2 protein chains.
Amino acid sequence: MKQKKEGKRDLIIKTASQLFQCQGYHGTGLNQIIEESGAPKGSLYYHFPKGKEEIALEAILLMKEQVLEEAQGDLNKKDSAVEAFQFHIEQIAAEFDKKMNMEGLPIGLIASETASTNEKLRCACQSAFQEWQSLYTDKLKQFGYTKEKAKELSIAINAMIEGGCILAMTSESGEPLRTIAKQLPLLLKKEE
Amino acid sequence: MKQKKEGKRDLIIKTASQLFQCQGYHGTGLNQIIEESGAPKGSLYYHFPKGKEEIALEAILLMKEQVLEEAQGDLNKKDSAVEAFQFHIEQIAAEFDKKMNMEGLPIGLIASETASTNEKLRCACQSAFQEWQSLYTDKLKQFGYTKEKAKELSIAINAMIEGGCILAMTSESGEPLRTIAKQLPLLLKKEE
DNA sequence: TCTAAATTATAACGATTGGTCTACATAATA
DNA sequence: TATTATGTAGACCAATCGTTATAATTTAGA
């Protein structure tokens, strides 16, 4: 009952999330979401009466949660800030080396294509970025950085990862992200 | 003659370039390009018989050239790598503070939304990134970095700027880019 | 078992999309 | 001026888009 109810709706969100990361909001049509999720078209509007935008808002939440979860896990595995963030970025890089699944750009793609035309989606994306950056800030503070510095670095790291994912997608390789990870010892160097 | 010939065609490319940076390839329709450029629809297919993709390829070249020109100019104005790149990034940040014009994401947006579905566009974007990175590499070498280090840093800087533009668009402010510029002294610190 | 609610199937809709085509207009050249 | 080359206007097309609506089917609960 409850399991089946959550199934189709969640399947749509999950599939939409993946497609939006790879092709963007405008480049992904509802028919493709339906086909790839296996969900019925009648269900789409039943579950999401406000249509495509509503699906996108849910997809953005899912992207945010997924990255939060992965980042949390990765950042908890190491004892220093440099190692932790390098590990996290290298995990992302590894995803781009798998030829089977095309990896995408979480949040950043849908954010940049809709920022100027859809205020709801822009706000949802901004919220997601803020949460990611809060996690990074908290982690950096735990590693001994001042609140101010942690805040700045979380923005820089977020930008680097988003930009790195763009380069990875464009070059079809995780290499740019690994290059970025390699610069972290300097970027995160604590000043005396 | 030649002036008028270049006029409409270039106007289409310029307008398309701007719209693709703000809304992406799929989020921009040909009718909007025509309306905003003032060019005639008959001319669109006259000048670009291969259609939308052909316009996009030209738009990508223009984006590349515009950023190359700006970066070249900015980077030539300062005596140290840190100052030069900070200046360049701060110039970009300032563009996002102008409320009149919505600023976009050159190359990165069209790259990320088409990387998995359009090989020609992906390759054109990859080419553009390579040229930007080559300029950064050359400049860093001039400032005394080893070839190896210069190459790595050019990738990291490119990623930071692209990612920073995404954050700027999403937050409707140049502030994330200024925060990024502030991290450059450490990132570009020369190791002894 | 029956009833109500939830979900699905499917056709249709209006709008927009990128593209084609033809006649006409304008500019350039001899 | 006449001819050629270049460019424009605007109608049309098929396909796709996101959405609506209704009937049918399935599920859940009493």
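Source: prediction; values computed, not measured. Proteins come first, then strands; the chains are lettered A, B, ... in the order of their sequence lines, and each starts at number 1.
- Side-chain polar atoms of Lys14(B) and Gln66(B) form no donor-acceptor pair below 3.5 angstrom.
- Summarising the geometry, the separation between CD on Glu54(A) and P on dT19(D) is reported as 10 Å, rounded to the nearest angstrom.
- Between the NE2 atom of His47(A) and the P atom of dA5(C) there is a distance of 17 Å, given to the nearest Å.
- If you measure from atom CZ of Arg9(A) to atom P of dT27(D), you get 20 Å, rounded to the nearest angstrom.
- Under the 4.0 Å criterion applied to side-chain N and carboxylate O atoms, Arg178(A) and Glu175(A) are assigned as salt-bridge partners.
- Between Tyr25(B) and Phe20(B), the ring planes lie tilted relative to each other; the angle falls in the 30° to 60° range.
- With sequence neighbours excluded, the residues satisfying salt bridge (charged side-chain N to carboxylate O under 4.0 Å, His left out) with Lys182(B) are Glu152(A).
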In 5'-to-3' order, the base (B), backbone-only (S) or no-contact (-) status of each nucleotide in nucleotides 16-23 of chain C, using a 4.0 angstrom heavy-atom cut-off, is -SSBB---

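- Looking at Glu162(A), its side chain does come within 3.5 Å of a backbone N or O of Gly108(A) through a donor-acceptor pair.
- Side chains of Glu103(A) and Gln21(A): a donor-acceptor N/O pair is absent below 3.5 angstrom, by distance only.
- Between Ile34(B) atom CD1 and dG10(D) atom P there is a gap of 13 Å when expressed in whole angstrom units.
- For Leu44(A) and dT10(C), the CG to P distance is 16 Å, given to the nearest whole Å.
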